[in-house]
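Letters A, B, ... are given to chains in the order of the sequence lines, protein chains preceding strands, and every chain is numbered from 1.
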Number of protein chains: 2
Amino acid sequence: MGRRSDHSREELRALIVAEGHRQMAEVGFAKFSAREVAKAIGYSIGTLYNVFGSYDQLILAINGHTLDLWLADLEAKLDSLPASRLRAAIDAYFDFALGNRNAWTALYDFRLPADEVMPEDYRIKVTAITEVVVREIRSELPTEHAGEAPALARSLLATVHGHCYFALNGTFALLGEQDPLAAALDRVDDALARFKS
Amino acid sequence: MGRRSDHSREELRALIVAEGHRQMAEVGFAKFSAREVAKAIGYSIGTLYNVFGSYDQLILAINGHTLDLWLADLEAKLDSLPASRLRAAIDAYFDFALGNRNAWTALYDFRLPADEVMPEDYRIKVTAITEVVVREIRSELPTEHAGEAPALARSLLATVHGHCYFALNGTFALLGEQDPLAAALDRVDDALARFKS
DNA sequence: GCACGATATTGATCACTGTTCAATTAAAAT
DNA sequence: ATTTTAATTGAACAGTGATCAATATCGTGC
């Protein structure tokens with residue numbers, strides 16, 4: 001066959017990413033297969049490689065889509081008039097990870113080979129999620145400490161990530177931790193206390 | 001061929017794990033291959049499957065060995081008369097992860113399929129590392145709060161893990177964080193402050 | 001010494017994976 | 001109508017985890 005009018009290049013890209021994300025959510029990173037994605041949308045494996053160039057770039061596109069969904073989810077929950085916006089953001093972090101186990105975990109299962117560079121648009125997506133946290137932390141900090149918001153946001157992101165990761169991978173269950181979210185919230189409170197009084 | 005006198009079953013197991021760990025450290029989880037391990041020690045792929053039963057069990061054995069090394073490293077550094085033992089433990093956490101990138105990361109890259117049960121000896125290894133942290137945290141806590149040491153240890157383990165993971169996978173570099181260890185230590189101090197005064 | 005049973009080891013075989021690329025098709029331009 | 005350009009294919013390749021009948025070796029009893 002040749003040129004097919006039913007999908008522009010852009011549409012095809014989006015179609016592959018959407019189906020890829022669906023399958024990633026279903027089977028997880030370890031069992032994900034590019035061939036299965038091609039089969040599901042009625043294209044051949046070769047077409048996927050023409051569009052994305054490599055398996056790694058396909059995964060990056062799928063993970064990028066997960067980041068898009070994550071950011072949208074985060075901002076939606078922040079717009080729902082919560083008592084504490086920072087607390088809502090952490091709730092949302094856990095919610096999204098637990099509700100999108102495989103897709104969220106794939107964000108960290110995948111690591112770009114050392115010789116490949118991360119696409120700019122992917123960096124932007126990661127940064128965008130951080131910016132949301134920076135903003136909320138800054139608004140919770142005394143104004144004289146506003147400048148420390150970015151560094152604190154990075155650190156608290158790592159803190160929440162660690163709790164969320166241990167909740168998902170079974171480490172917390174193994175250690176008898178019943179309420180990972182509450183533990184994460186306590187650590188955030190502890191960090192904020194440093195800047196109050 | 002048949003029985004070979006040069007290796008008992010136990011020795012062969014240890015040989016495979018040692019070489020497997022070596023290769024895991026060299027190539028990482030994604031590029032790890034059981035066939036390559038077999039080739040390196042002069043056995044066939046079939047023998048590896050006879051000894052371990054499955055790929056997953058082989059990985060578990062290798063990761064178990066990494067946990068052994070990790071615990072030994074941790075305790076050695078705690079025995080070196082440090083000013084603060086808790087701080088030494090966190091230093092050791094980062095040291096080991098940074099010095100054993102691929103092997104350490106494989107601990108989290110691998111996830112047991114839902115239908116398989118984690119071997120008891122693996123659970124014990126994970127718990128053993130936690131126990132060390134519980135002990136050091138308890139000794140840093142006012143005696144009236146000693147009972148909260150286990151929960152706090154789990155939470156701080158997750159906190160340090162999150163910082164360490166972001167340091168290794170490039171997230172912190174992407175976000176401009178220069179000193180992940182210092183950030184982790186700050187979060188631990190913040191948490192301990194909750195129980196003082 | 002011999003034969004037999006128990007155990008260890010093999011590697012061909014299978015189904016699958018990511019990856020490549022000459023061949024083919026169809027649309028657009030001339 | 002012809003040529004050019006772009007899209008699509010799928011067979012082919014090298015690699016993977018997994019299986020298992022066949023084979024080789026050892027230990028033991030006779």
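At D/dT8, none of the side-chain N or O atoms of A/Ser44 fall inside 4.0 Å of OP1 or OP2 (strictly under the cut-off). For B/Arg9, no side-chain nitrogen or oxygen approaches OP1 or OP2 of C/dA6 to under 4.0 Å.
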*Assign a letter to each nucleotide of nucleotides 17-23 of chain C from its 5' end: B, base within under 4.0 Å of a protein heavy atom; S, sugar-phosphate only; -, no contact.*
BBBB---
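With hydrogens and angles ignored, the 3.5 Å screen pairs a side-chain donor or acceptor of B/Arg101 with a backbone N or O of B/Leu168.
Between A/Tyr165 and B/Tyr108, the two ring planes are perpendicular [angle over 60°; tilted spans 30° to 60°].
In this structure, A/Leu58 and A/Tyr49 have side chains that are not in contact, with every pair of non-hydrogen atoms separated by 4.5 Å or more.
Less than 4.0 Å separates DNA chain C from at least one heavy atom of each of the following residues of residues 12-24 of chain B: B/Leu12.
To the nearest angstrom, P of D/dA18 lies 13 Å from CZ of B/Phe52. Taking atom CG on B/Leu48 and atom P on D/dT16, their separation rounds to 13 Å, with Å as the unit. Remark: P of D/dA6 and CD of A/Glu11 are 19 Å apart, rounded to the nearest angstrom. Across the protein-nucleic acid pair, B/Leu60 atom CG and D/dG17 atom C1' stand 16 Å apart, rounded to whole Å.
Salt-bridge annotation for B/Glu131 and B/Arg135: absent, with no side-chain N of the basic residue lying under 4.0 Å from a carboxylate O of the acidic one. For the pair B/Glu10 and B/Arg13, the salt-bridge criterion is not met [side-chain N within less than 4.0 Å of a carboxylate O]. Between B/Arg194 and A/Asp186 there is a salt bridge, since a side-chain N of the basic residue sits under 4.0 Å from a carboxylate O of the acidic one. Here B/Asp95 pairs with B/Lys77 in a salt bridge; the nearest charged N to carboxylate O distance falls below 4.0 Å. Note on A/Lys125 versus A/Asp68: salt bridge recorded, some NZ/NE/NH1/NH2 to OD/OE distance being below 4.0 Å.
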